[in-house]
Structures are given as structure tokens and as C-alpha cells.
2 protein chains.
Amino acid sequence: MEQSAPPRRITIVDVAEHANVSTTTVSKVLRNAYGVSPAMQAKVRKSMSDLGYRPHAAARGLRGRTYTIGLMLPDIRNPFFPEIIDGANEVLDATDYQILLGPARNVREIEHRVTEAMIDRSMDGLILIVPAATPTELEQTARAVPVVVVARHLRSTLLDTVVTDDVAGAALVVDHLADLGHRRIAHIAHAESQRHLVTTMPNTIRAEGYRQAMRARGLGDEIDVVATTYSKEGGYLGARQLLARSRRPTAIFAGADIAAMGALEAIADAGLSVPGDISVVGYDNTDFAALGGIGLTSVEQGGRQMGSDAARLLLERIDDRAKPSRLISLSPTLVVRRSSAPPPR
Amino acid sequence: MEQSAPPRRITIVDVAEHANVSTTTVSKVLRNAYGVSPAMQAKVRKSMSDLGYRPHAAARGLRGRTYTIGLMLPDIRNPFFPEIIDGANEVLDATDYQILLGPARNVREIEHRVTEAMIDRSMDGLILIVPAATPTELEQTARAVPVVVVARHLRSTLLDTVVTDDVAGAALVVDHLADLGHRRIAHIAHAESQRHLVTTMPNTIRAEGYRQAMRARGLGDEIDVVATTYSKEGGYLGARQLLARSRRPTAIFAGADIAAMGALEAIADAGLSVPGDISVVGYDNTDFAALGGIGLTSVEQGGRQMGSDAARLLLERIDDRAKPSRLISLSPTLVVRRSSAPPPR
DNA sequence: CTGAAAGCGCTAACAT
DNA sequence: ATGTTAGCGCTTTCAG
């Protein structure tokens, strides 16, 4: 009942009084700024902990930094993104920066709203995971705040980028399956609604990589792509279409593990076995792929690495907005498990 | 190359000049505050859109609100949480509030750090999903900022709560399996490391509900709980232990769908079939449970509902911090699918 | 109904 | 090496 009024926050002024110094000195200690004697340092720090002082990030932001990094991701249901986030946290944990997540729920408008919200809250930098925005929009954002884009194949002087070589990743899959003797290798893709994004989105590049690799193996006539979405439902529906073909594929390459999950369901529902009747290969090598009975062959992108690289690039750009932009491209590897084997007969 | 200096932000002052009014008026329009004539309203709004003005949330926060709501969740890998988040967004989308997520990575210290970070960024309110903090700590937090706790069985005058009846949920499962003829019904629980939290955490209450229900059905002697974690790995390990029993259970009740997933893997690895050899029931009714081949019987908690209720409670508390606290308790239901059937023979 | 002016907690020139 | 002081963009008394 005693709805005790929220006790007034301890401010820099309280600390200054307690330590008998000026607020400037306290501020300097706070920022580890140059020009404070060790003695002062200690005295001020003592006052801070005595009083239980915590800097007010929002207020700091009005002049300097908020020590906040915004991470936009398309949705929170895709198990690949946590890897990236873990990677980013790995480097940020050691700093004063705090990550806050903004999921875009796979809607362009929401992505836009979230991104603006982050800027309006004066975050120090943004990590954008597979954003659906146009390159122009992204550069616009990058003009307002340091930005690192993850998993979009674009290059700009205004922002840094971290990607994996999706063409190579798709080729790994096709080559692996072709080496096993498969010819009818189908691909479940994520449909791209934005026409101008075709050259920069990982899903379209993965599909294109699949086509190239098929041709390179002399399997151009067997190219078979169904475009749904990278989701359990998408994989399920895609696989159902493929299984209904008169000449059924002997192998399915799903553009994402989460879609492979759906495909596995559809295959089971159809009374077929993996890999006996049909091989399945995923992409992302999420922990689900590794687990027990499934044993999904999948492409490892190095999500943690992408995340930590992104965080590092961002920190460096925050410290020096003028530094030349960088593009980090990681090479994928294939992790072979039980879901891929030679075709039947 | 033209590292054009980030164009200065449009502020309330620019708008005021453009509209030939004072900043006060602009501020009032911004907040829909009382005492501005319709004419003024229109004029100011026009200037705002002409200039592309966007309020600086961080600056607003220094005096009033930031229109930001922080949502802390234990981890982003559990597929149940997105439901809650969707529910919360459902009500918040219509407002000026923006949700930002802070994952705690299942570590108490990180949860604490995240929560403080949200307060320091002067968020207007916090939604805490299954926090691991003690009731005292939670009340402490609630003194600093409006708080709604989701999925902890606690009652406090300082904060609002949304829960489901976990005792009833566990009973639904036990009764269903017992009705099918099962006697050796085992439970995979999430171990509680914090002793004092035993009475308020959903996992412990679910386990206790299981015990009660078993006794009520005269199956007290068959009670069998393995405590691992609510995760794929936890379910896998738990099921392996259970399958190794000399008298193997004929049914497994996993405290969360994600653990049930692991259990299903372990059962498949052991060469057993579901539900032929063993029945499996989950909790949370995540979309994974519904999908295709799996068809997992599971307890529906109404995650979306929990999320939207939480958001509503929070908005109301933000508007009136003195209003009496409320506890919303939802009743779970059982969704029966193919993974549960009568025991063998 | 509208405006002037004093902060919110902190940083960054600019003194001293 | 330390202190004074003017803002950052906005809200909010308090006058008019």
C-alpha cells in the first residue's frame, strides 16, 4: 500500500557533492576521459559505488553516447538469428554497450518503423540482419547512424557489411548431392517480392547459385525451383509440390534449415523415408540440424562469427565514422550428416 | 566519399519557426495535450510533415515519456516466447509505443543487467517474461518503473501479473494419459537452481501439478521426474534417462514443447515409435507441435492472449501508477494430436 | 488559447 | 588537473 514515491535517482550531482568535486570530474571518470589523477579517480569511484550511482543512459545520449546498439532482425522464429546475436554479444559483453532487439515480423513497414525507432532513441549504432530495405534506404539510415548490414550482398562507402558467399554455399550442396549420384535435385527458395532486391538478397543469390552449380554439373535440364518462404510452413508446402511431380526429385535442397524442417515433415507425411527415398539438405546448420534423429546435412555459415564481426565493425565505426567502409565475406562449409545419401536404386 | 556530415535533425524549434508558433504549442500538439485550437493543431501538424519532423524519443524521456517498452525474455530460442511477443505487439501496434527486446540468455546476471539497462534508458514500462529474479528484486524494479510480470506465480501490490494455471495444465496432461490407460507416466522438468523460487516458477509448479494429479489418479507410486532443462538438449537427455529405466515409462510428459522435441529425437534414436511404443505430450502448443508429421499433443497456454493482456495492463499502469495491482490467470486447454494414444498391448 | 523560461542528467568547450 | 557553464530536445509550470 505504501506507494512510496519512486526514490529520486542518484545523479552525477549527488556524486560530485559526495566526493567534493565538480560534476565535470565525475563525468570524466565516467567516460575514462583524459585528465583525472588516480587519486581523484578512486575517490569518485568510491562515491559512485557508495551511492549506488548508475549513469542515466538516455540523458547521456542527449550529448554523447547512449551505449546502446540496436539489432534489427526479420523475425524471432528463425533459429539461425540467435547464432548471430550470440556472436555479437560475445564481443559486446566486454564493453559498456547494451544490445536491444527489434524484430520486424517479416514486414517491410515494421522494419522501417523499428529502424526509425532506434534512431529516434539515439542508439549509437545499428546492426541490421537481412534488412528488406533498398540500398538507398539503407544508405539513408547509415547517414543518420553507424550501420552494419548482415547478410545482404551490397557494398557502400557509407556502411559496413558482413556476408557469406551464398553462391559457394549453394554449390557445396549441389556438388555434394551430384557426387552422391543425384541428378534430380530440386531447390526450395524464399520468394523475393521486391524486384530490385534480387541481386542483393541472400535467398535469391542462393537460388541463383543453385542454378549455376546445376549447369556446371551438366544438370541444367533438371533445375527445379519452388519459391515459398524460409519457414516451416514454406518448407512443408514446397516439399509437397515437389513430391507431387510426375518425376519426383531424389534430393531436395532447402534454402534454410527451418524450411528443411517443414520439408522433412512433408516427406514423412507422404510415407517416404530420408535418405532412403529422398535426400534433404538444409542451410544454416542450426542446432536443430545437429540434434539426434534428424541429422540434417547443412551448410554452415558461421553465424556466431558473422555476429561478432558485425559487432566489431560497428564499434570501430562508432569510434571513427570517417573510416573507410569494409566488407567481410565468410566462406561457408558443408556439414554432412545422415539426411543425404545416394539416390534409390 | 562525400562523407556529408549527418544533416542536423529537425527539432521542435524548427517546426515552431516554420509554423510561426512557440515550441510550447508544438509540444502540446505532439502530446495531444489540452488547450490547442483546431486551427493551430492543423497548422503545426502541417509544418511537422512538411519538414519531416520526428520527435526525438530519448530527449522526450528526460522530462516525460520515451514511448518505449522493454520486454525481457529468458532466451530467444524457445518458440513459445514469440507468441507472447506477438500478442503484446498486437495491442502496442495501435499506439505510439515501441517494444524493444532484451534477451537474458538464461543467466541471472544478464537478466539483471538487461533490466537495469532498460531502466537506465528510461523506458516507460517493462514486461518481464519468466524472470529469474526474486520477488523482492522484482518489487525493487517495480518501484523504479511500471512492471508486468508474465508466467511467475506471484502477487504484489507493486506490479501486475499474467499467468496460466500450471497446476491445472499438468493435470490436463496426466488425466488425458491416465484416461488412455497409461500408468507409468514420467515427467521431464526444468530444474530450479534457485531454492526460494520454487513456489513461484512455472516449471516447478508444473512438476508439482504433475505429482498432485498422479496421486489424485492413484498413481502416486508411478511418479517419475527427471529434471533437466526446457530445451531441445534437455528433452533429449531427459528422455534418454527415462528410456534406460528397467521399467520404461509408457508416456512422457515434457514440461515444454521444445523439450518434447528433444524427447522425440531420443525416442527415434532408440528405435522406438510414437505413439506405438510410447506417448509424448508437450506444453505450450507451439506451432511446431501443430505441424505435419509430428502432431504433438500439447497444452495450450494462450501465449498471444498472455502477451496482449500484459501489454494492456502495462499501458494502464503507465497511465496511473497508483491503481491497484492486478493478477490475470488464464486457464490452459489440452490440444490432443497423434503423439498420444493408449499404451502398447 | 498561447508563449517565455526553467529545468531533466549529462557532456564538452572553455577557463583557471 | 580540476571547475564553470552552456547547451542537447523536449516537457512543464507559470504568466499573459
> What is the distance, rounded to the nearest whole Å, between atom CG of L51(B) and atom P of dG9(D)?
Replying inline: 15 Å
> Thinking salt bridges, do R105(A) and D93(B) make one under a 4.0 Å N-O criterion?
Replying inline: yes
>> Less than 4.5 Å apart, side chain to side chain, heavy atoms only: is that true for V163(A) and P202(A)?
In response: no
>> When you measure from the side-chain N and O atoms of Y53(A) to the phosphate of dC10(C), is any distance below 4.0 Å, counting only OP1 and OP2?
In response: yes
>> Just the rounded figure in Å: distance from C1' of dC8(D) to CG of D120(A).
In response: 15 Å
Measure all distances between protein nitrogen or oxygen atoms and nitrogen or oxygen atoms of nucleotides 12-15 of chain C, and list the pairs falling under 3.5 Å.
unit_1, atom_1, unit_2, atom_2, d
dA12(C), OP2, R31(A), NH1, 2.6
dA12(C), N6, T24(A), OG1, 3.3

> For V26(A), which contact category applies under a 4.0 Å heavy-atom criterion: base, sugar-phosphate, or nothing?
Replying inline: nothing
>> Can you confirm whether I129(B) sits close enough to I84(B) that some side-chain heavy atom of one is under 4.5 Å from a side-chain heavy atom of the other?
In response: yes
>> So, does S37(A) get its side chain near the phosphate of dA1(D), meaning an N or O under 4.0 Å from OP1 or OP2?
In response: no
> Starting at CG of D14(A) and ending at C1' of dC8(C), how long is that distance when rounded to a whole Å?
Replying inline: 13 Å
> dG9(D) C1' sits how many Å from R9(B) CZ, rounded?
Replying inline: 9 Å
> Can you tell me how far C1' of dT11(C) sits from CG of D124(A), to the nearest Å?
Replying inline: 13 Å
> So, is Y34(A) near the phosphate of dT2(D), with a side-chain N or O under 4.0 Å from OP1 or OP2?
Replying inline: no
>> If I take atom CG in residue L62(B) and atom C1' in nucleotide dC8(D), what distance separates them, rounded to the nearest angstrom?
In response: 9 Å
> If only side-chain N and O atoms of S22(B) are considered, is one of them under 4.0 Å from the OP1 or OP2 phosphate oxygen of dG3(C)?
Replying inline: yes
>> Could you tell me how far apart R60(A) (CZ) and dG9(C) (P) are, to the nearest whole angstrom?
In response: 15 Å
>> Under 4.0 Å between a side-chain nitrogen and a carboxylate oxygen: does that hold for R304(B) and D309(B)?
In response: no
> Looking at the side chain of I12(B), which of dC8(C), dC10(D), dG3(D) is the nearest nucleotide?
Replying inline: dC10(D)
>> At 4.0 Å (heavy atoms only), tell me whether V13(A) reaches a base, stays on the sugar-phosphate, or touches nothing.
In response: nothing
>> Regarding D160(A) and R312(A), does a basic nitrogen lie under 4.0 Å from an acidic carboxylate oxygen?
In response: no
> How would you list, by chain and number, every residue that makes a salt bridge (charged side-chain N to carboxylate O under 4.0 Å, His left out) with R45(A), sequence neighbours excluded?
Replying inline: none
> CD1 of I10(A) versus C1' of dC8(C): gap in Å, rounded?
Replying inline: 16 Å
> Is the closest basic N to carboxylate O distance between R121(B) and E116(B) below 4.0 Å?
Replying inline: no
